[in-house]
Amino acid sequence: MAIATISPTTGKTLRTFDVLSSQELERKLQRAADTFRSYRETSFADRARWMRRAAEILEVEADRFGRMMTEEMGKPLEAAKAESIKSATACRYYVTRAEKLLRDTPIDVDGDTAFVRYQPLGPVLAIMPWNFPFWQVVRFAAPALMAGNVGLLKHASNVPQCALALEEIFRTAGFPEGAFQSLFIETSEVNRVIEDPRVKAVTLTGSEGAGRAVGAAAGRAIKKVVLELGGSDPFIVMPSADLDKAVHTAVSARLINNGQSCIAAKRFIVADPIAQEFERRFVERMKTMVVGDPMDPKTDVGPLATPGILEGLHAQVQESVKAGTRLLLGGKPQGGPGNFYPPTVLADPPPKAPAFHDELFGPVATLLRARDLEHAIELANATPFGLGASVWTQDANEQRRFIDGIDAGMVFVNALVASDARLPFGGVKHSGHGRELADLGIREFVNAKTVRIT
Ligand code: NDP
C-alpha cells in the first residue's frame with residue numbers, strides 16, 4: 001500500500017510520501033542503537049520532564065492533531081481532539097509512576113540479598129494501526145520510553161502525517177534525537193527490521209493476519225512480541241439491567257470511531273424476556289445516528305478509513321444475510337464519494353454467518369438471543385477472539401459468573417469497555433497476548449533480571 005493521505009471523506013489523494021531507501025533505513029536503525037546506549041543512562045527525572053512536556057504538547061495542540069487524524073482516517077473531529085488529550089493521560093500516568101513501577105523488587109531467600117531489577121531492552125519496533133492513530137502509539141511509547149527503551153514506529157500507511165507528528169512531539173518535548181523515530185517502510189520490509197539484531201522486541205496492534213505474520217517473524221528471531229489484535233466482543237444484557245442505559249451505551253459502543261475499534265461491542269447478546277424490547281429500542285436509536293462529514297460537529301458516524309475496509313465489511317454483511325441472518329437496518333454502502341456505510345443492524349445469525357463469529361470492523365451490530373445466563377456465556381465465547389466483554393446485570397451472582405466464565409482479557413460490568421492508562425489492556429485467544437498500559441504494560445519491554453547476592 002502506498003504511503004499517503006487519502007481522504008476517506010472524498011476519496012482524494014491529498015499527500016504522498018516516499019518510502020525510506022535502504023540507506024535511510026540503515027541510518028535510522030543505527031541511530032536507534034546509538035541513542036539507546038546513552039538514553040538508557042538518563043534518569044527517570046529527565047525522562048519524566050520530557051514526557052510531561054509531550055503531554056502538554058498533545059493537550060495544547062489537540063485541535064491541530066485532531067484535524068490531522070480526521071483528515072487521514074475519518075473519525076469525527078471532536079473524538080479526534082479527545083484522542084490527543086487522552087494520549088496525554090498515558091504520558092502523565094507514566095511520568096508519575098514509571099520509577100516506582102520499575103523499582104527493584106526485593107525477594108526473601110534464606111537471608112540472602114535477592115531482588116528483581118528491571119532494565120530496558122533497547123530499540124522496540126511498534127507496528128501500529130490507523131484507527132486510533134495517536135492513542136495506540138502513545139500507549140506504547142509512554143511506558144517504553146519511560147522504561148529507557150527507544151521506539152521505532154512503523155505506522156499504518158494511511159496515516160503518515162500522524163506518524164510524523166508523533167515523531168515531532170517527542171523530539172520537541174526534549175527526548176534525544178533517535179529516541180523515537182518513524183519509519184516509512186512497506187510491510188514487506190517489516191521482517192527485515194524484526195530480524196535486525198539492533199531491534200530487540202516488537203509490538204503490533206492490528207488484524208489477526210498481521211499478528212500471525214509479525215508473531216511468526218518475532219518467533220523466528222526469538223524476540224519478545226506483544227500482539228493486540230481484533231475482537232468480536234460481546235455486550236450481554238440480562239433482565240435486571242437498566243435497559244435505557246444499556247441501549248444508549250450499546251449504540252455508542254458499536255459506533256465509536258465509526259465502528260472501527262478493536263474493543264467496540266460487536267455482538268449484542270440479550271436475554272430472551274427483554275430481547276424484543278431491546279431490539280426495538282436499539283434499532284430506533286441506531287436510525288437516529290447522523291452519517292456525514294467527520295469535520296461537521298453534527299456527525300455521529302463518519303466514513304470508514306479505506307475503500308478496502310468498506311468492501312470487506314459489506315461482503316461480511318452480504319454473506320451473513322445470505323446465510324439466513326435477519327437484516328433490520330442499513331445493509332449497503334451509501335454510494336457517492338467517500339467510504340460511507342450506514343449504521344446497520346443484523347439479528348439471529350446462524351453459526352456459519354460471519355456476523356456470528358468474525359470481527360465486523362464498521363458500524364454493523366449483530367443481535368443474538370440467549371435463553372439464560374449459561375447460554376449467554378456460551379454465545380459470548382463462541383468466537384476465536386477474547387478481548388473485552390461488557391455485561392449488564394444488577395444481580396451479583398450473575399456478575400460473578402460472567403467475570404469467571406467469559407474468555408476475555410477484560411470484563412466490564414454495567415459499563416462500556418474502554419481503555420484507560422490505569423487499567424491493563426489486552427486479550428486472549430486470537431485477540432493476542434501481552435498487556436499494554438498500567439503496571440503490566442511497562443513490564444512488557446524490560447529485562448526482569450534476577451539478582452542473588454550470597
Ligand atoms: P492491518 O492489521 O493490516 O494493519 C495494522 C498495521 O499492521 C499497519 O501498520 C500495517 O501496515 C501493518 N501490517 C499489515 N500486515 C502486515 C504484515 N504482514 N507484516 C507486518 N506489518 C503488517 O489492519 P488493516 O488496516 O488492514 O485492517 C484490517 C482489519 O484489521 C480490520 O478490518 C480489523 O479487523 C483489524 N484491525 C484491528 C485493529 C485493532 O485495533 N485491533 C486496528 C486496525 C485493524 P500497512 O498499513 O502498511 O499495511
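Order of appearance sets the numbers: ligands from 1, and atoms from 1 within every ligand. The figures here come from the full heavy-atom set of this structure, side chains too, leaving out hydrogens, waters and symmetry mates.
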Item to complete: Measure the CG-CG distance between L313 and D358 for me, rounded to the nearest 0.5 Å.
Response: 11.5 Å
Within ligand 1, which atoms have a heavy atom of [X] less than 4.0 Å away?
| X | value |
| --- | --- |
| I309 | 27 (O), 32 (O) |
| V190 | 20 (C) |
| Q136 | 40 (O) |
| A156 | 8 (C), 9 (O), 46 (O) |
| P129 | 42 (C), 43 (C) |
| A213 | 18 (N) |
| E359 | 33 (C), 34 (O), 35 (C) |
| V214 | 19 (N), 20 (C) |

In terms of side-chain geometry, is the basic nitrogen of [X] or [Y] positioned less than 4.0 Å from the acidic oxygen of its partner?
| X | Y | result |
| --- | --- | --- |
| E83 | K86 | no |
| E319 | K322 | no |
| E71 | R15 | no |
| D196 | R192 | no |
| E208 | R212 | yes |

Practice prompt. Could you pull out, from T205, I127, L229, the option with a heavy atom nearest to atom 5 (C) of ligand 1?
Written response: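 The residue whose heavy atom sits nearest atom 5 (C) of ligand 1 is T205.
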Which bit of [X] is near ligand 1, meaning a heavy atom under 4.0 Å away: side chain, backbone, both or neither?
| X | answer |
| --- | --- |
| T306 | neither |
| F132 | neither |
| H155 | backbone |

Solution key, residues 166-174 side-chain donor-acceptor pairs under 3.5 Å, sequence neighbours excluded:
unit_1, atom_1, unit_2, atom_2, d
E167, OE2, S182, N, 2.7
E168, OE2, R64, NH2, 2.8
T172, OG1, E168, O, 2.6

Discussion item. I want to know if ligand 1 touches K154 in the polar sense, i.e. an N/O pair below 3.5 angstrom.
Written reply: yes
Worksheet item: Can you find an N or O of M128 that's nearer than 3.5 Å to an N or O of ligand 1?
Response: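 Yes, at least one N or O pair falls under 3.5 Å.
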Worksheet item: Got a sec, which residues hit ring pair (Phe, Tyr, Trp, His ring centres under 6.0 Å) with H430, two or more places apart in sequence or on another chain?
Response: none
Discussion item. Taking only non-hydrogen atoms of L204, do any sit less than 4.0 angstrom from ligand 1?
Written reply: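 So L204 counts as touching ligand 1.
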Worksheet item: Is the NZ or CZ atom of R53 positioned over F175's six-membered ring, under 6.0 angstrom from the centre and within 45° of the axis?
Response: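 No; the conditions do not both hold, so R53 does not lie above the ring face of F175.
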Item to complete: Could you tell me how the ring of F268 sits relative to the ring of F235: parallel (under 30°), tilted (30 to 60°) or perpendicular (over 60°)?
Response: tilted
